[in-house]
There are 2 protein chains.
Amino acid sequence: MRGHRCSTCTRVETESDTDSDSGTMRCISCKEYYGRCDAGTCKECYEEASETEEELKREIDDLKAKVAFLRFWSPLDHHITHRSSAGPCFTDVVLVASSDDGLPGTASSVPVPAHKAVLASRSPVFKAMLENEMEESRSGIIKISDVSYDVLRTFVNYLYTAEACLDEQMAYDLLILAEKYEVKHLKAYCEKFLVSKLNWDNSFVSYAFAHQHNAKHLLESALSLITDNMDKLTKREEYMELVEKDPRLVVDIYEAYLSKQVNTAALKDSSSKKP
Amino acid sequence: MRGHRCSTCTRVETESDTDSDSGTMRCISCKEYYGRCDAGTCKECYEEASETEEELKREIDDLKAKVAFLRFWSPLDHHITHRSSAGPCFTDVVLVASSDDGLPGTASSVPVPAHKAVLASRSPVFKAMLENEMEESRSGIIKISDVSYDVLRTFVNYLYTAEACLDEQMAYDLLILAEKYEVKHLKAYCEKFLVSKLNWDNSFVSYAFAHQHNAKHLLESALSLITDNMDKLTKREEYMELVEKDPRLVVDIYEAYLSKQVNTAALKDSSSKKP
C-alpha cells in the first residue's frame with residue numbers, strides 16, 4: 001500500500017474523501033488518500049488520459065494483427081516440419097553458408113531455401129544481385145561467406161518473420177550480416193539488444209565492434225559507459241590492446257571524456273551563477 | 001480555456017496554487033485550477049500514467065517499423081512502374097478476373113501477377129489450391145470468377161501490403177473475396193469499415209449482406225440500428241422486399257427487438273426496486 005501523506009502541508013489530514021473541509025482527497029486511480037501537495041491532475045485530464053490509453057491499446061492490437069497477417073511462414077519451418085513429405089513451398093533460391101575453412105560436409109553446407117521475392121523485398125543488396133541476372137540469380141545459389149549455418153538460418157528466418165531469438169554472439173553475427181545486406185530493421189533490432197546488454201566488462205568489445213560496423217547507437221552508449229569509468233580505464237587489458245591495435249579509437253574516448261568534462265563544468269558554472 | 005471550478009464545494013476558491021489553505025489546486029497536466037470535487041489522481045498515479053503512455057507509444061513505433069519491414073512491395077506497383085523495363089519481380093502465377101459475361105478483351109482479362117508463396121501464406125484456400133498440384137498450380141493461372149479487374153487488383157494488393165483504399169462498394173466486394181479465400185484479416189478490415197458507414201438508409205442492405213456472407217460484427221451492428229428504429233420499420237420499401245425474399249431474416253429482426261424489450265423492462269424493473 002502506498003502512502004500519499006503530504007510532508008509539507010501543516011494541515012492535519014483526516015482519511016475521508018467525503019469531508020470537503022479535510023486536507024485529503026482520494027485518488028480516482030489507486031484509491032489511496034493524498035494531501036494537496038501530492039495532487040496530480042484534475043478529473044477531466046484523468047478521463048482524457050484514460051481514453052488516450054484505451055485508444056493506444058486498440059492501435060497496438062490492430063498493429064499486432066497486421067504483423068501477424070504480414071508475417072510470412074518461414075520456408076525453414078516448412079522445411080523442417082514437412083521434411084518427410086517434402087511439401088512444396090515455392091522456393092526459388094537457396095543460401096549456402098561458406099566458412100573460410102571450406103571444409104566440405106560440415107553443417108555449414110546445408111542449403112537454406114528461400115524466395116527471391118522475399119530476399120529482394122527485404123534487402124537492396126539481394127535485390128540488385130537477383131534482379132541484375134548475376135551469377136546468383138542464374139544458379140539460384142547465393143553463397144554467404146564467413147557465417148555459420150545457425151547464423152544464416154536465423155538471418156533468413158528474420159527476413160520472413162521480423163523475429164529472432166538473440167544472445168550476444170548471435171546479435172553480433174546478425175548485425176554484421178544486416179550491415180552487409182542493408183537490412184536496416186534487423187540492424188536496429190540487434191543494436192537495441194546489444195545496448196541492453198552493455199556493461200563495463202563488454203564495453204570495450206562493444207565499442208570497437210560498433211565502430212567497425214557503423215552501429216552509431218551502440219557506439220554512443222558504449223562510449224558513454226566508458227567515459228563514466230575513466231578512473232578504471234588505463235588498468236584494463238583491453239585498453240592496452242586497443243592502444244596497440246587502433247589508437248584512433250582511444251583518442252575518440254579521450255575526446256568524448258574531455259567534451260563531457262567541459263559540458264559538466266559549464267553546467268555547474270551556470271547553476272552557481274543563479275541568484 | 002477550461003474551467004474547473006467546483007460546483008458543489010462551498011469554499012471560496014482563490015486562484016493560487018501556492019496558497020496551501022485555499023480550496024484550489026493546479027492540474028499538472030492542463031495547468032488549470034480546479035476544486036477538490038474535480039480532483040482526479042494523485043501525483044504518483046499521474047506520473048505512472050505518463051510513463052505507461054510513453055511506453056505504449058514506443059511499442060506503437062516498434063510495431064509500425066515491423067509492419068513497414070514485413071510489408072511487401074506489391075508486384076502490381078512494380079508492374080506499373082516498370083512496365084516499360086519489364087523488370088523481374090520473380091512472380092510465378094497470375095490471377096485473372098473472369099466475369100460471368102465472359103466477354104474477351106475487356107479490362108477484366110488483364111492478368112494480375114503474384115507469387116505463389118505470398119498467396120499461399122495469406123490464404124488457406126490458395127495454399128491448398130497451389131500445394132496440391134491442381135490445375136491452377138500447373139498452369140500458373142488462377143481464375144477468380146464474378147469479380148472486376150479493379151477489385152481483384154485491390155484484393156491482391158492487400159495480400160502484399162495489408163492496406164486498401166475503400167469505399168462502400170469496394171468493401172462489399174472485397175469482403176466477399178475475403179470470405180471465399182478465407183483471408184480473415186481482410187474480412188475484419190472490410191467489416192470494420194462497413195460498420196463505420198452504417199446508417200438508417202443502408203441498414204437493410206448491410207443486414208442482408210452480412211447475413212449472406214457470415215459477417216457477424218456487421219450483422220449485429222445493423223440489427224441493433226434497425227431495432228432502434230422499429231417505428232419506421234414497416235414503412236420501408238426494403239422491409240417489404242425482405243419479407244418477400246427472405247422472411248427468416250425479418251423474423252430475426254422481430255426476435256432481436258423482442259429480446260431488447262425484455263432486457264430493457266428487466267433493467268427498469270430492477271432499478272425501480274432499489275431503495
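Sequence lines set the chain letters: A, B, ... in the order given, protein chains first and strands last, and positions in each chain run from 1.
No option in B:Y160, B:Y158, B:F72 other than B:Y158 meets the ring pair (Phe, Tyr, Trp, His ring centres under 6.0 Å) test with A:F69.
Between B:F90 and A:F90, the gap from one ring centroid to the other reaches at least 6.0 Å.
With contacts defined as side-chain heavy-atom distances shorter than 4.5 Å, the pair A:L56/B:K57 qualifies.
Interface remark: of the candidates B:L70, B:I28, B:L159, B:L70 forms the most heavy-atom pairs closer than 4.5 Å to chain A. Chain B forms the most heavy-atom pairs under 4.5 Å with one residue out of A:V67, A:T41, A:I60, and that residue is A:T41. Counting heavy-atom pairs closer than 4.5 Å to chain B, the top-ranked of the candidates A:R122, A:E53, A:K116, A:E163 is A:R122. For the options A:S29, A:A68, A:A117, heavy-atom pairs under 4.5 Å to chain B are most numerous at A:A117.
Only the side chain of A:T52 has a heavy atom closer than 4.5 Å to any heavy atom of chain B.
Atom CG of A:L63 sits about 11.0 Å away from atom NZ of B:K66, to the nearest 0.5 Å. To the nearest 0.5 Å, the span separating SG on B:C37 from CE on A:M25 amounts to 10.5 Å.
Interface residues of residues 170-192 of chain B toward chain A, defined by a heavy-atom distance below 4.5 Å and sorted by number: B:V183, B:H185, B:K192.
The minimum heavy-atom distance linking B:C27 with A:C42 is given by the pair SG-N, 3.3 Å.
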